[in-house]
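Below is one structure, written out as structure tokens; the observations come after it.
Only heavy atoms go into these numbers, but all of them, side chains included; no hydrogens, no water, no symmetry mates. Note on naming: letters A, B, ... go to the chains in the order of the sequence lines (proteins, then strands), and numbering restarts at 1 for each one.
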Amino acid sequence: MPIRFYNTLTKAKQDFVPVLPGQVCMYHCGPTVYSFAHIGNFRAYIFADLLRRYLEYRGFQVHQVMNITDVGHLTDDSDEGEDKMLVAAGREGKDPWEIARFYSQAFFVDIEKLRIRKAMVYPRATEHVPQMVRLVERLIDRGLAYVSNRCVYFDVTRFPAYGRLSGNTLESLQAGARIEVNPDKRNPCDFTLWVTDDHHIMKWESPWGMGYPGWHIECSAMSMTHLSETLDIHTGGEDNIFPHHECEIAQSEGATGKPFVGCWMHTRHLLVDGRKMSKSLGNFHILRDLLERGYEADAVRYSLLSTNYRQPLNFTLEGVQASKQAVSRLRDFLRRLEEASATRDNPEAAALLARTVAGFEAAMDDDLNVSSALAALFEFVRDANRLSLSREDAALIRAAFGRFDQVLGVLECRPAILDEEIERLIQERQAARQAKNFARADAIRKDLKDRGIFLEDTPQGVRWKRG
RNA sequence: GGCGGUAUCGCCAAGCGGACCAAGGCAGCGGAUUGCAAAUCCGCCAUCGCAGGUUCGAAUCCUGCUACCGCCUCCA
């Protein structure tokens, strides 16, 4: 069975066929580092991570690149918008370079906590200005871009496919009539490739004067530099579809004459408590706040992971709690496996496991249907809990779950150090229980519980876990 | 105004015309087990936003309505 992905460009699920067999070139629109990334951002990055992990699970060699946008882009093409990096710099009394350094470091701290595997490269826009300039020159040479009043614009009328990704054709955009008229442009929908502005703080040399690049060109330039002129997959949030990705296609294909991306994948925005996340509604979450309030990174990851990326996930704190419980159920199961001691192998275990692997893969093959894949795992847990298992059965199951977790990244426990104090208390409690001093035994358990260690008494002895 | 999406149990969420009088997780209730717990097992817990229509058959297709979300200026 082939893997099937929904392609925004064709608006249909289709078989995934990379340009080079067995290899995948994948590019993700990453953070603009002018503030802390919020959980909505992380939904997109966790999706990208899941995609990479599943492709690797399926045996592909994945070349993964995520950009870091550290150039402040004007919010529109008419030279009147604010520059995010500059606004942040003003707010915090720093220069834009410091802002970028600070928030990109924070970004890497956060993705590590969320167990997002690192991409091959995180190219920065500020380090690729020469490549962008060359791309703009190519576009001018091919007659797709023009210089006007020292700025460079892309002529959308020269690229007939403009609008294919988003459905925003030139006619419908003009019908919408919300586009400001810029006298320097030939057509109202033309977009900026280079802004010449000698007074801007972040500026570079170019054939058209000191200035800075337009807000779409970096992804085209960096994906070509680090991957290829034709990408297998390009991801981003749904808000990127237009204008960002539409413009990337125009620039890239305009310059190379080759298809830019085989499969465009876009993550739906999430809601928080059923509403759009916004600072004014007070439902704006960043990872470090959630961690400070006692929620766990793994539970947050599970929450953001467990809904298909094309559904409007509703993020709630109650949901994070539920996720924590769900993860516990899986981890408890794996922990219990270590006590398997049946003397003969259980043929049902292998059969159940085979069915579960098939269910997991069928679900994931179908456009990363994680909810369904997880259901297969939970059904297995319930069924396996009824069985009497040998050590060999348990080893087989653990290996399979290890492979599942290479994809999901939520089962492995964080390294937990059992210090002597805890060990000693467990011993003391056992002695108290032997002596039927249950008051003392319960006091110890409560003490440990308050310190995040949970004890379970079983016929095989005391088992403990971190909550 | 233009383009697009979503609405399934208290909460989250699969389902894409028949195997569904609808997975799975969380929460809840009853029981087994336990010194008490925890974990685990068993049982209970929805006719799918509303109104029509198509079909032998619809959560799944069509029409209308309502609500919410996204894009059309930065935003995952």
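- The base-pairing partner of G49(B), taking Watson-Crick or G-U wobble contacts with both distances under 3.5 Å, is C65(B).
- Below 30°, between 30° and 60°, or above 60°: for Tyr309(A) and Phe47(A) the angle between ring planes is below 30°, a parallel geometry.
- Ring planes of Tyr162(A) and Phe191(A): parallel class, angle under 30° (limits at 30 and 60°).
- Nucleic acid contact for Asp457(A): base, since at least one base atom lies under 4.0 Å from a heavy atom of the residue.
- Look at C20(B): it lacks any Watson-Crick or wobble partner with both distances under 3.5 angstrom.
- Rounded to a whole Å, the CG atom of Asp383(A) is 14 Å from the C1' atom of U40(B).
- Straight-line distance between the P atoms of C41(B) and U54(B): roughly 47 Å, to the nearest whole Å.
- Across the interface with RNA chain B, nearest-nucleotide mapping of Ala326(A) and Asp239(A) shows Ala326(A) to be the residue nearer the 5′ end.
- For the side chain to side chain donor-acceptor pair (under 3.5 Å) condition, the pairs that include at least one residue of residues 371-384 of chain A, sequence neighbours left out, are Asp383(A)-Arg386(A).
- In this structure C3(B) sits in a base pair with G70(B), meeting the Watson-Crick or G-U test at under 3.5 Å.
- Side-chain N/O atoms of Arg433(A) and base N/O atoms of G35(B) include a donor-acceptor pair closer than 3.5 Å.
- Nucleotide G10(B) forms a pair with C26(B), judged by Watson-Crick or G-U wobble geometry with both contacts under 3.5 Å.
- Counting to the nearest Å, the C1' atom of C71(B) and the NE2 atom of His216(A) are 13 Å from each other.
- When the nearest nucleotides of RNA chain B are assigned to Leu374(A) and Phe42(A) by heavy-atom distance, the more 5′-ward of the two goes with Leu374(A).
- Across all strands shown, Arg429(A) has heavy atoms under 4.0 Å from base atoms, whether or not it also approaches the sugar-phosphate.
- Stacking annotation: Phe438(A) is stacked on the base of G35(B) (ring centroids less than 5.5 angstrom apart, interplanar angle below 30 degrees).
- Residue His38(A) is classed as a base contact, given a heavy-atom separation below 4.0 Å to a base.
- Taking side-chain N and O atoms only, Asn385(A) has a distance below 4.0 Å to OP1 or OP2 of C41(B).
- The interatomic distance linking Asp332(A) (CG) with A39(B) (C1') rounds to 6 Å, in whole Å.
- One atom, CG of Leu330(A), and another, C1' of A39(B), lie 14 Å apart when rounded to the nearest Å.
- Using a 4.0 Å heavy-atom distance criterion, Arg275(A) is classed as a sugar-phosphate-only contact.
- Remark: Lys276(A) is in phosphate contact with G70(B), judged by side-chain N or O atoms under 4.0 Å from OP1 or OP2.
- Judged by distance alone, with hydrogens and angles left aside, Arg445(A) brings a side-chain donor or acceptor within reach of the base of A37(B), the pair sitting under 3.5 Å.
- The side-chain contact (heavy atoms from CB on, under 4.5 Å) search around Ala354(A) returns none, not counting sequence neighbours.
- In this structure U54(B) sits in no base pair that meets the Watson-Crick or G-U test at under 3.5 Å.
- In this structure U60(B) sits in no base pair that meets the Watson-Crick or G-U test at under 3.5 Å.
- Rounded to a whole Å, the NE2 atom of His28(A) is 18 Å from the P atom of C75(B).
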**Q.** Base-contact (B) and sugar-phosphate-only (S) positions in nucleotides 12-23 of chain B, heavy-atom cut-off under 4.0 Å, - elsewhere
**A.** SSSSB------B

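- Nearest approach of Asp70(A) to Arg124(A), heavy atoms of both residues: OD2-CB, 3.5 Å.
- The aromatic ring centres of Tyr103(A) and Phe36(A) sit less than 6.0 Å apart.
- Between G57(B) and A19(B), the distance separating the two C1' atoms is 14 Å to the nearest Å.
- Among the heavy atoms of the strands lying under 4.0 Å from Tyr45(A) are primed sugar atoms or P, OP1, OP2 only; no base atom is included.
- Atom-to-atom, NE2 of His266(A) to C1' of G70(B) comes out at 12 Å; the value is rounded to the nearest Å.
- Looking at heavy-atom distances under 4.0 Å, Leu377(A) makes no contact with the nucleic acid at all.
- Look at the C1' atom in both G18(B) and A58(B): the space between them is 10 Å, to the nearest Å.
- Counting to the nearest Å, the C1' atom of C41(B) and the CG atom of Leu389(A) are 14 Å from each other.
- Atom name P, nucleotides G15(B) and C20(B): the rounded distance is 16 Å, in whole Å.
- Atom C1' of nucleotide G1(B) and atom CG of Asn168(A) are separated by 13 Å, given to the nearest angstrom.
- Each of Leu387(A), Asp393(A), Ile397(A) was compared with Leu352(A) under the side chain to side chain contact (heavy atoms under 4.5 Å, CB included) criterion, and only Leu387(A) meets it.
- If you take atom P in A59(B) and the same atom in C16(B), they sit 12 Å apart, rounded to whole Å.
- Not one side-chain nitrogen or oxygen of Arg329(A) sits closer than 4.0 Å to the OP1 or OP2 atom of A27(B).
- Ring pair Phe380(A)/Phe401(A) is tilted by interplanar angle, where 30° to 60° counts as tilted.
- With a 3.5 Å ceiling on both atom-pair distances, the Watson-Crick or G-U wobble partner of C41(B) is G31(B).
- Ring geometry for Trp264(A) versus His266(A): interplanar angle under 30°, hence parallel rather than tilted (30 to 60°).
- Using a 30° and 60° split on the angle between ring planes, Phe284(A) and His38(A) fall in the perpendicular class, above 60°.
- Backbone-only engagement by Leu271(A) is indicated by non-hydrogen atom pairs under 4.0 Å involving sugar-phosphate atoms exclusively.
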